[in-house]
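Not measured: the values here are computed from a predicted model.
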Amino acid sequence: MKIFLAGATGAVGKRLVPVLVARGHHLVATTRSVEKAKRLRSAGAEAVVVDGLDRDAVITAVKVARPDVIVHQMTALTSMRSLKKFDDEFALTNRLRTEGTEYLLEAARAAGTKKLIVQSYTGWPSMREGSRVKTEDDPLDPKPPNAMSRTLDAIRRLESLVAVASDINGIILRYGSFYGPGTSIAPGGEIVEAVRQRKFPIVGDGGGVWSFVHMDDVATATFAAIERGMPGVYNIVDDEPAEVSVWLPDLAQAVGAKPPRHVPAWLGRLVIGEAGISMMTQIRGASNAKAKQGLAWQPTYATWRDGFRRGFTPESQVLSSGRMR
């Protein structure tokens, strides 16, 4: 197939490009950087320099490529500096989720492309009541923390745009929390360094349930959606949702750090705000049953426990933080 990958040099794109090239697909990959375009060409892709928020440029690039499938992996988040300013941190990514998706849908129609795959997210967007683990049929949070409301609105808009496009076979991949190469949970990554310095405590009861996914499994799940996915929403996560109070001490042990400190919720709220308190104590995990069945996909890292240990071997520890972020 001919595949148009928008956002090919982000965390997902970096793992997905070699998978698609190795399988013999003709890959047209976008980036905003001339230098990164050179790396994409070296990896075997046809590189196009384009800004995902430039409507005319996006439509032109897709019309020239005339792809069978468009994959939307455009984001603009390199680090999270403040959970209290969550929406501000995601402002540009939210534009890529809304305006960027509108432009890609318009481009798909202009080029005659019938399949569009987009990146969404599962975990904190889910309703924070009821079952500990949510499926794709469960509702999103009707009352998120104020600091997350604009970002959740952007996710709703992204998913709605794709779901109602009756002339396009739309697939929405709700990824879990990333870990592995190129993420904050990798040798030298921001979360790992905070854990090493005991600056990532368990806040309150640590009852927030997180669902993780290794970057290699993100790539294989996305590939499965490209080749055989049917329209719909799929949670892309591993088999073991876990409370912060469970996974955070395990991560500390894996990286050779002391156990995380515990701080009361009232104190944590002063630093991380309501968004952080929600993620630490209230959010829900996600089920991957639909993705396993509908995409015929199985995560290589069935649990973050295995992934953390394999990711922090003595060999991996020598990698510098600058290379991994």
Side-chain angles (χ1 to χ4, degrees), residues 5-14 30-33 36 49-59 61 70-107 116-128 140-163 172-179 182-185 189-191 194 200 208 210 215 218 236 268-280 282-283 325:
L5 175 57
T9 55
V12 177
K14 288 177 182 177
T30 79
T31 178
R32 292 183 297 169
S33 163
K36 290 180 180 179
V49 178
V50 63
D51 184 341
L53 294 176
D54 184 334
R55 172 185 173 275
D56 292 341
V58 169
I59 293 173
I70 296 173
V71 183
H72 179 358
Q73 297 289 353
M74 295 185 293
T75 59
L77 188 70
T78 57
S79 65
M80 173 59 74
R81 295 178 296 274
S82 173
L83 286 171
K84 295 178 75 172
K85 298 180 179 179
F86 193 93
D87 281 338
D88 293 339
E89 298 279 354
F90 275 89
L92 184 52
T93 290
N94 290 339
R95 288 189 63 196
L96 291 167
R97 285 171 169 162
T98 54
E99 296 170 48
T101 302
E102 291 173 0
Y103 301 155
L104 287 173
L105 278 166
E106 190 175 353
L116 172 65
I117 298 169
V118 298
Q119 177 189 139
S120 187
Y121 191 76
T122 189
W124 70 260
S126 296
M127 179 181 284
R128 294 170 291 162
L140 298 181
D141 196 344
K143 295 181 179 179
N146 287 337
M148 302 171 115
S149 61
R150 296 200 307 271
T151 300
L152 185 52
D153 285 346
I155 289 173
R156 290 184 191 277
R157 177 64 177 161
L158 161 72
E159 295 193 359
S160 176
L161 284 167
V162 176
I172 299 162
L173 301 181
R174 290 179 177 171
Y175 299 130
S177 296
F178 292 159
Y179 74 99
T183 75
S184 60
I185 304 180
E190 290 180 60
I191 287 180
F200 197 118
W210 291 41
M215 294 311 299
V218 170
I236 306 302
R269 186 175 284 106
L270 298 175
V271 179
I272 59 179
E274 290 300 328
I277 291 296
S278 177
M279 295 182 74
M280 280 284 178
Q282 301 171 357
I283 66 170
R325 290 181 182 175

Look at the side chain of [X] and the backbone N and O of [Y], then say whether any donor-acceptor pair between them is shorter than 3.5 Å.
{"X": "R97", "Y": "L92", "value": "no"}
{"X": "S149", "Y": "N146", "value": "yes"}
{"X": "K84", "Y": "E274", "value": "no"}
{"X": "W210", "Y": "M280", "value": "no"}
{"X": "T9", "Y": "T31", "value": "no"}

As a quick check of understanding, evaluate side-chain contact (heavy atoms from CB on, under 4.5 Å) for V162 and T101, giving each step before the final call.
CA-CA 8 Å; V162 176; T101 302; 4.0 Å; yes
Could you report the tightest heavy-atom contact between [X] and [Y], atom names first, then the distance?
{"X": "D87", "Y": "T151", "result": "OD1-OG1, 2.7 Å"}
{"X": "L83", "Y": "G276", "result": "CD1-CA, 3.8 Å"}
{"X": "G100", "Y": "L53", "result": "N-CD2, 4.1 Å"}
{"X": "S82", "Y": "E89", "result": "N-OE2, 3.0 Å"}
{"X": "I59", "Y": "Y103", "result": "CG1-O, 4.2 Å"}

If you round to the nearest 0.5 Å, how far is [atom2] of [Y] from [atom1] of [X]?
{"X": "M148", "Y": "F90", "atom1": "CE", "atom2": "CZ", "value": "8.0 Å"}
{"X": "S160", "Y": "D153", "atom1": "OG", "atom2": "CG", "value": "11.5 Å"}
{"X": "I277", "Y": "I283", "atom1": "CD1", "atom2": "CD1", "value": "12.0 Å"}
{"X": "L116", "Y": "I172", "atom1": "CG", "atom2": "CD1", "value": "9.0 Å"}
{"X": "R174", "Y": "L158", "atom1": "CZ", "atom2": "CG", "value": "10.0 Å"}

Heavy-atom check, side chain of [X] versus side chain of [Y], under 4.5 Å:
{"X": "M215", "Y": "Y179", "value": "no"}
{"X": "R157", "Y": "N94", "value": "no"}
{"X": "I185", "Y": "F178", "value": "no"}
{"X": "D88", "Y": "F86", "value": "no"}

Single hit among L96, V118, V58 for side chain to side chain contact (heavy atoms under 4.5 Å, CB included) with M74
L96
Which side-chain N or O atoms in residues 119-127 pair as donor and acceptor under 3.5 Å with protein atoms at least two apart or in another chain?
{"from": "Q119", "atom 1": "NE2", "to": "Q73", "atom 2": "OE1", "distance (Å)": "2.6"}
{"from": "S120", "atom 1": "OG", "to": "E159", "atom 2": "OE2", "distance (Å)": "2.6"}
{"from": "Y121", "atom 1": "OH", "to": "S177", "atom 2": "OG", "distance (Å)": "2.9"}

Go through the steps for T30 and V49 under the test side-chain contact (heavy atoms from CB on, under 4.5 Å), then give the verdict.
CA-CA 6 Å; T30 79; V49 178; over 6 Å; no
Test side-chain hydrogen bond (donor to acceptor under 3.5 Å, both in side chains) applied to R32 - qualifying residues, sequence neighbours left out
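Once residues adjacent in sequence are excluded, R32 has no partner under the side-chain hydrogen bond (donor to acceptor under 3.5 Å, both in side chains) criterion.
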Walk me through it: do R95 and E99 pass the test salt bridge (Lys or Arg N to Asp or Glu O under 4.0 Å)?
CA-CA 5 Å; R95 288 189 63 196; E99 296 170 48; 2.9 Å; yes
